[in-house]
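Here is the structure we will look at.
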Amino acid sequence: MADIHVVIDSTANIAAETLAQYPNLHVVSLKVILGKQEWLETKLPPEEMFRLVAREGGHPTTSQPAIGDFLTVFEPLVKANKEIIVITLAGALSGTAQGARLAARMIGKSNIQIIDSGTTASGIVHLAEAALQLVKAGQRMEQIVQHLQAMIQATHTMFVPGNLDYLHKGGRIGGAAALFGTILQIKPVLYLVDGKVTVLDKVRTRPKAITRMLDELRRYPKLARVGIVHHDSVIEAEALSCQIRELYTYTSISITTIGAVLCAHLGPGIIGLVFQEEL
């Protein structure tokens with residue numbers, strides 16, 4: 001077994017086959033809450049969450065992993081003298097990174113590195129896969145962390161929500177912006193800047209919003225990878241992939257779905273891009 005293990009959170013929505021491929025890869029789950037019920041994100045598909053919302057009403061909320069959830073993963077690895085790299089979603093969006101830091105502090109070992117990805121979804125997956133490949137190549141922990149930090153600086157995240165209701169109710173976008181979008185039927189293109197949600201642009205239709213994301217992508221001459229993330233938008237995602245392939249012939253392009261936690265904040269029909277410039 002590898003001496004360096006990688007821990008990610010469940011917003012990565014990593015494929016089961018990828019998780020099975022790496023015995024030194026672990027997932028700590030965030031939680032989804034609706035009314036008095038609570039689920040681990042890893043146990044609640046977004047479609048089921050939206051069915052529950054339609055049937056029971058209310059709005060889903062989310063919570064970060066408990067410190068004990070991190071300790072459950074950390075403790076046996078530390079006892080086995082393993083080093084640990086933890087990659088979490090953007091700290092400005094969740095307290096997950098801080099919870100991991102507190103858990104590492106409780107253990108009192110210096111062989112646990114917490115990395116705020118500044119992104120989420122496939123962005124975390126890209127970082128985890130890079131770390132795992134470097135572990136396999138025999139790189140030291142310090143070298144791997146340095147490489148991941150460079151990747152984070154070169155990574156960009158933007159998305160188009162299906163509607164603003166979930167963002168507004170979840171408190172991830174201001175009330176005025178939500179009202180503006182509702183009245184004028186404006187579709188915002190949202191961007192993560194320092195891990196915080198900002199408005200990149202506002203356009204009139206969803207196709208124009210997706211085109212605006214593509215226009216923003218064109219600003220970067222060389223990309224190492226592009227992740228198209230979505231919920232229930234397969235046709236749009238595939239069409240976007242074809243357009244990106246025409247622009248970046250040799251760039252790695254993936255299409256993945258997002259999990260229940262992100263859907264709880266972004267709503268049904270979200271589509272986005274997580275892309276990394278060449279280092």
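Since this is a predicted model, take the numbers as computed values, not measurements. Computation of the quantities below employed the complete heavy-atom set of this structure, encompassing side-chain atoms and omitting hydrogens, waters and symmetry-equivalent molecules.
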Without swapping roles, check the side chain of D165 against the backbone of G267 for a donor-acceptor pair under 3.5 Å. no
side-chain contact (heavy atoms from CB on, under 4.5 Å) between D201 and E216, intermediate numbers included: CA-CA 10 Å; D201 204 351; E216 183 68 15; over 6 Å; no
Would a hydrophobic clustering, with Ile, Leu, Val, Met, Phe, Trp and Tyr connected at side-chain separations under 4.5 Å, put I271 with V261? no
Going by heavy atoms in the side chains, are K82 and N24 under 4.5 Å from each other? no
Approximate separation, where rounding is to 0.5 Å, of L132 CG and E129 CD: 7.5 Å
Considering the options C263, P161, P268, which one meets the side-chain contact (heavy atoms from CB on, under 4.5 Å) requirement together with Y166? P268
Do N81 and D3 come within less than 4.5 Å of each other through their side chains, counting heavy atoms only? no
Has Q143 got more than 12 heavy atoms of other residues, nucleotides or ligands less than 6.0 Å from its CD? yes
Is it true that V86 and V73 fall in one hydrophobic cluster, defined by side-chain heavy atoms closer than 4.5 Å? yes
Main-chain N/O of A237 paired to S241 side chain as donor or acceptor, under 3.5 Å: no
Are R212 and D215 within salt-bridge range, i.e. N to O under 4.0 Å? no
Of the non-hydrogen atoms in P65 and T96, which two are nearest, and what is the gap between them? CD-OG1, 3.5 Å
Assess the residue pair L52 and L44 against the criterion (side-chain contact (heavy atoms from CB on, under 4.5 Å)); give the C-alpha distance rounded to whole Å, side-chain angles, the decisive distance to 0.1 Å, and a yes or no. CA-CA 11 Å; L52 289 167; L44 182 68; 4.2 Å; yes
In sequence, state the C-alpha distance, the side-chain angles, and the governing distance for R206 and I210, and then conclude on side-chain contact (heavy atoms from CB on, under 4.5 Å). CA-CA 6 Å; R206 182 176 172 92; I210 293 173; 4.2 Å; yes
Closest non-hydrogen atom pair between G123 and V274, with its separation: CA-CG1, 3.5 Å
For residues L240 and L266: do they belong to one hydrophobic cluster (side chain heavy atoms under 4.5 Å, members Ile, Leu, Val, Met, Phe, Trp, Tyr)? no
Heavy-atom check, side chain of L247 versus side chain of L214, under 4.5 Å: yes
Distance col, row T42:OG1 vs D9:CG, nearest 0.5 angstrom, shows 11.0 Å
Separation of I144 CD1 from L134 CG (nearest 0.5 Å): 5.5 Å
Below 4.5 Å, heavy atoms only, C-beta onward: do H26 and H5 meet side chain to side chain? yes
Look only at the side chain of S117 and the backbone of I87, and say whether a donor-acceptor pair between them is shorter than 3.5 Å. no
Please confirm whether the backbone N or O of K222 pairs with a side-chain atom of E278, one donor and one acceptor, at under 3.5 Å? no
Of the non-hydrogen atoms in H156 and A154, which two are nearest, and what is the gap between them? CD2-O, 3.4 Å
Give a yes or no on whether I84 and I67 share a hydrophobic cluster (residues Ile, Leu, Val, Met, Phe, Trp, Tyr; joining criterion: side-chain heavy atoms under 4.5 Å apart). yes
Is the backbone N or O of S10 less than 3.5 Å from a side-chain atom of S29, with the two atoms forming a donor-acceptor pair by type? no
Here the pair of heavy atoms bringing A103 nearest to F74 is CB-CE1, 3.8 Å
For the atom pair CD1 (I270) and CG (L262), what is the distance rounded to the nearest 0.5 Å? 7.5 Å
Could you tell me if Y220 and Q276 have a donor-acceptor pair between their side chains, going purely by distance under 3.5 Å? no
Given the options T120, T88, T62, T11 meets side chain to side chain donor-acceptor pair (under 3.5 Å) only with T120
So, taking the atom named CG in N13 and the one named OG1 in T257, what distance separates them when rounded to the nearest 0.5 Å? 4.5 Å
Close side-chain approach of V32 to L34, heavy-atom, < 4.5 Å: no
Can you find a heavy atom in the side chain of L190 that is under 4.5 Å from one in the side chain of T198? no
Note: E75-K79 ion pair, threshold 4.0 Å (strictly below): no
Passes salt bridge (Lys or Arg N to Asp or Glu O under 4.0 Å), R51 versus E47? Steps please. CA-CA 6 Å; R51 279 195 291 269; E47 293 74 21; over 6 Å; no
Would you sort out whether D69 and K31 count as a side-chain contact (heavy atoms from CB on, under 4.5 Å), showing the intermediate values? CA-CA 11 Å; D69 296 333; K31 299 177 179 68; 3.0 Å; yes
Compare all side-chain heavy atoms of Q98 with those of Q64 and state whether any distance is below 4.5 angstrom. no
Closest approach of A260 and P46, non-hydrogen atoms and distance? N-CG, 3.7 Å
Does the side chain of L127 reach to within under 4.5 Å of the side chain of I115, using non-hydrogen atoms? no
Side-chain donor or acceptor of H231 paired with backbone N/O of G269 under 3.5 Å: yes
Same apolar cluster: I255 and L217, side chain cutoff 4.5 Å: yes
Is it the case that over 12 heavy atoms from other parts of the model lie below 6.0 angstrom from the CD1 atom of I235? no
Just checking, any donor-acceptor pair under 3.5 angstrom between side chains of T157 and T119? yes
The reported gap from CG in N111 to CD1 in I85 (rounded to nearest 0.5 angstrom) is 11.0 Å
For the CZ atom on R245, are there more than 12 heavy atoms of other groups (residues, nucleotides or ligands in this structure) within a distance under 6.0 Å? yes
Which pair of non-hydrogen atoms, one from V229 and one from L273, has the smallest distance, and what is that distance? CG2-N, 4.5 Å
